[in-house]
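Here the structure comes first, spelled out in structure tokens, and everything after it is commentary.
For this chain, numbers begin at 1 and follow the sequence in order.
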Amino acid sequence: MNEAARVALAIVKEHFGEACRLVFATLVARESTLKQVAEGSGLPLAQARESLTWLLQHDVITFTAQPQKSFSDKPGPNVYRTIVWRVLQRARIPRMLHYTAKNHGDLEESIVQVIALQGRVRLKGIIAAIRTENAEVEASTIKGTVEALLTSRLIHGRDGNDDPDACPLTESSFSMDAPWPAWTSSGAGDNETSGSKRRLSSSSSPLSSASKRARRDSMASTDLPDSPTKPPSERYFTLNYRQYQRCLFSEWAVGYIAKAVDPVCGEVLRALFDAVLLGDPFAGERSRCITKDEVWNGLSPGRFSDAELSDHLQTLLTFGSGFVTESGGIDRLHLEFKVMRDLAQYLAIEKMVELKCGDECARLFRLVRTKRYIEQKKVKDVALMGAFKDTKVSLNKLFKNDFLMMREIPKQADRVPSKCVYVWTCDMNRVSTMVLHQCYKAQANLATRLAVERKAYKVLKAKQEKQANPSEHADQQRAKADKEALEQIVAKLEKLERATLEIDEQVMLVRDFDEMAPARRHENLLPPPVKK
């Protein structure tokens with residue numbers, strides 16, 4: 001099992017519980033039917049089916065129906081498989097909630113949180129969950145807020161009949177404290193256990209052969225509980241992770257420009273992003289042409305005069321790291337997505353180099369990446385370092401950690417080592433894959449450590465509650481020691497959670513933003529790094 005799968009299992013356990021983790025681990029090992037999932041996870045058949053239903057509702061697994069061998073045979077059982085990268089996307093949920101609260105409001109954040117917890121929710125479920133927390137919010141207000149989120153494309157709204165994987169939702173499924181959805185038991189069953197009932201119902205029904213075929217195919221398409229027919233206008237809502245990815249990308253770019261150039265230029269760049277955020281997919285190398293009038297619409301009324309806006313745009317074009325380019329004048333601008341993605345990835349990798357190898361190695365890495373190919377003898381002079389011996393040690397350290405590679409360029413056909421030129425180079429695709437693999441490994445280790453510390457925290461907390469009023473001196477001493485141990489565990493938990501967020505940010509810069517490029521979009525996990 002690779003490191004990304006370990007991270008996915010930790011996320012599944014934290015978000016859905018131990019039973020779903022066992023089911024997901026079984027599916028990570030191999031694609032399985034319902035009966036194979038129950039055998040591999042050691043769960044009862046009903047609980048395995050319930051866990052699969054819950055994972056399907058959150059779109060982290062999918063299934064395919066096995067074809068019929070002949071017309072007379074019944075369809076085979078559904079085969080389930082995991083979608084690991086969708087589980088890894090759920091690590092962005094805290095950032096998504098923070099972005100929603102910052103740019104939209106608290107009610108929008110609560111709605112997004114309900115959808116994130118429940119996976120697929122209908123409007124009445126959202127209203128019930130929000131009014132459970134705050135009864136003063138009107139249903140019409142919640143409905144209008146949901147429509148606003150749909151307009152901003154932060155959530156999807158689909159008809160249940162349009163999606164073959166849509167899970168039936170009932171109003172009783174939206175208890176915020178329930179670990180499992182309260183599915184109705186009527187019609188629940190898998191193909192292995194309910195085949196006789198289906199054969200009886202189809203044989204006793206006076207339908208034509210075409211109707212029987214349609215009914216048999218529809219009954220074989222899912223293992224989920226039957227749901228009553230819903231009108232097409234009653235939609236269910238899911239999170240639009242791709243749109244949140246674009247929004248977080250724009251937030252990173254605006255923050256970088258505000259820090260590197262000027263906060264006002266960052267505000268102008270945000271207006272440029274607002275002009276394309278709802279239309280462009282961010283999948284190409286650059287955006288469509290953005291006019292100056294669109295920038296005006298994205299700014300506050302009266303914020304700048306025409307001359308001031310032109311000056312800020314010119315500053316952004318000159319010192320904005322190539323994020324913005326013009327075509328035919330300052331009134332026609334483009335956002336360079338590829339430049340932003342490459343810079344975000346490079347900054348994350350450079351930070352990793354600095355943490356693992358030191359400042360001097362980070363400077364050498366920056367030099368080799370800029371020059372692409374550079375001889376070892378010239379590195380010391382260009383990098384303005386001290387002795388050649390120290391430069392060689394730093395280069396070997398980068399080579400040992402797979403950040404740099406050495407190329408041999410022969411001067412003659414016999415390739416004699418004494419007559420070859422050795423140059424240092426950096427393959428960013430290879431380095432980004434290696435860094436991503438290390439980030440996943442660190443995330444998996446942190447998740448394991450967090451689980452241990454949280455368990456210890458619960459044990460000490462329960463012990464402290466039992467000894468709420470110690471009477472004897474010995475009991476008071478033990479209570480004091482337990483209190484100090486509890487404070488130490490809380491400090492460890494805070495430190496581990498901060499480290500998890502920092503590594504998650506590196507993963508976001510290296511993988512999520514680069515994932516938006518069509519040439520390198522990852523349908524599943526990145527391969528492990530190449531070993532020398």
Side-chain angles (χ1 to χ4, degrees), residues 88-106 108-109 111-113 115-116 148-149 151-155 239-288 290 294-295 297-300 303 312-313 315-316 319-324 333-351 439 498 500-517:
L88 298 177
Q89 281 182 332
R90 294 186 64 84
R92 305 287 97 77
I93 289 179
R95 298 180 187 275
M96 292 158 57
L97 293 174
H98 176 72
Y99 172 84
T100 307
K102 177 183 175 182
N103 295 278
H104 295 275
D106 294 336
E108 287 83 352
E109 181 192 10
I111 292 173
V112 170
Q113 185 176 8
I115 298 175
L149 289 173
T151 304
S152 61
R153 295 176 61 184
L154 295 179
I155 62 175
L239 293 181
N240 187 354
Y241 287 96
R242 182 69 64 180
Q243 181 69 5
Y244 270 109
Q245 196 176 69
R246 298 168 189 147
C247 294
L248 294 176
F249 177 66
S250 65
E251 287 288 307
W252 173 85
V254 169
Y256 176 81
I257 290 297
K259 184 177 180 181
V261 183
D262 186 18
V264 179
C265 291
E267 187 178 348
V268 174
L269 182 62
R270 186 186 299 277
L272 288 167
F273 268 107
D274 291 341
V276 299
L277 197 58
L278 297 181
D280 287 13
F282 287 26
E285 294 188 357
R286 66 192 316 196
S287 70
R288 62 173 176 82
I290 307 170
E294 290 179 292
V295 180
N297 295 332
L299 295 170
S300 302
R303 180 71 175 87
H312 293 314
L313 288 174
T315 304
L316 196 58
F319 303 103
S321 303
F323 284 11
V324 182
L333 304 172
H334 294 276
L335 291 174
E336 299 294 338
F337 298 138
K338 185 179 185 303
V339 175
M340 300 180 194
R341 287 193 293 261
D342 292 344
L343 181 61
Q345 186 183 89
Y346 167 69
L347 291 177
I349 293 174
E350 185 182 1
K351 185 177 181 180
C439 288
R498 283 197 303 269
T500 302
L501 287 176
E502 290 177 2
I503 295 176
D504 181 68
E505 183 179 2
Q506 302 304 310
V507 173
M508 183 175 66
L509 294 176
V510 174
R511 181 180 188 268
D512 286 9
F513 294 164
D514 186 57
E515 187 185 49
M516 294 185 289

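Looking at Leu335 and Phe323, their side chains never come closer than 4.5 Å, going by heavy atoms from C-beta outward. Using a 4.5 Å heavy-atom cutoff, the side chains of Leu272 and Leu333 are in contact. Residues Asn240 and Ile155 have side chains not in contact (no heavy-atom distance under 4.5 Å, counting atoms from C-beta outward).
The side chain to side chain donor-acceptor pair (under 3.5 Å) check on Glu505 picks up nothing, with sequence neighbours excluded. Not a single salt bridge (charged side-chain N to carboxylate O under 4.0 Å, His left out) links Glu109 to another residue, sequence neighbours left out. The side chain to side chain contact (heavy atoms under 4.5 Å, CB included) test applied to Val254 returns Leu269, Arg270, Phe273, not counting sequence neighbours. Residues passing the side chain to side chain contact (heavy atoms under 4.5 Å, CB included) test with Glu502: none are found, sequence neighbours excluded. In this structure, Tyr241 has no ring-ring contact (aromatic ring centres under 6.0 Å, His included) partners at least two apart in sequence or on a different chain. Residues forming a side chain to side chain contact (heavy atoms under 4.5 Å, CB included) with Val261 (at least two apart in sequence, or on another chain): Ile257, Cys265, Thr315, Phe319. With sequence neighbours excluded, the residues that form a salt bridge (charged side-chain N to carboxylate O under 4.0 Å, His left out) with Arg92 are Asp504, Asp512. Applying the side chain to side chain donor-acceptor pair (under 3.5 Å) criterion to Tyr256, with sequence neighbours excluded, gives no partner residue. For Lys351, the salt bridge (charged side-chain N to carboxylate O under 4.0 Å, His left out) test picks out no residue, with sequence neighbours left out.
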Apply side chain to side chain contact (heavy atoms under 4.5 Å, CB included) to His312 and Glu267, showing your working. CA-CA 10 Å; His312 293 314; Glu267 187 178 348; over 6 Å; no
Sequence neighbours left out, cut at 3.5 Å: what donor-acceptor pairs do the side chains of residues 97-104 make with other protein atoms?
residue	atom	partner	partner atom	Å
Thr100	OG1	Met96	O	2.7
Thr100	OG1	Tyr244	OH	2.6
Asn103	ND2	Tyr99	O	3.0

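Put simply, the side chain of Arg286 never gets that close to the backbone of Val339: no donor and acceptor are under 3.5 Å apart.
Closest heavy-atom contact between Ala275 and Arg288: O-NH2, 2.7 Å. For the pair Ile503 and Cys439, the tightest heavy-atom approach, listed with the atom from each and the gap, is CG2-O, 3.6 Å. Residues Ala116 and Leu239 share a closest heavy-atom pair of CB-CD1, 3.7 Å. The minimum heavy-atom distance linking Ser152 with Gln243 is given by the pair O-NE2, 3.5 Å.
Expressed to the nearest 0.5 Å, how far CG of Asp106 lies from CD of Gln113 amounts to 11.0 Å. For the atom pair Arg498 CZ and Leu501 CG, the distance stands at 9.5 Å (nearest 0.5 Å). Distance check: Leu88 CG to Met508 CE gives 14.0 Å after rounding to the nearest 0.5 Å. With rounding to the nearest 0.5 Å, the separation of CG in Asp342 from CE in Met340 is 11.5 Å.
Using a 4.0 Å cut-off between charged nitrogen and carboxylate oxygen, Arg95 and Glu251 do not count as a salt-bridge pair.
Contacts classified as salt bridge (Lys or Arg N to Asp or Glu O under 4.0 Å) and involving residues 255-266 (residues at least two apart or in different chains) are not found.
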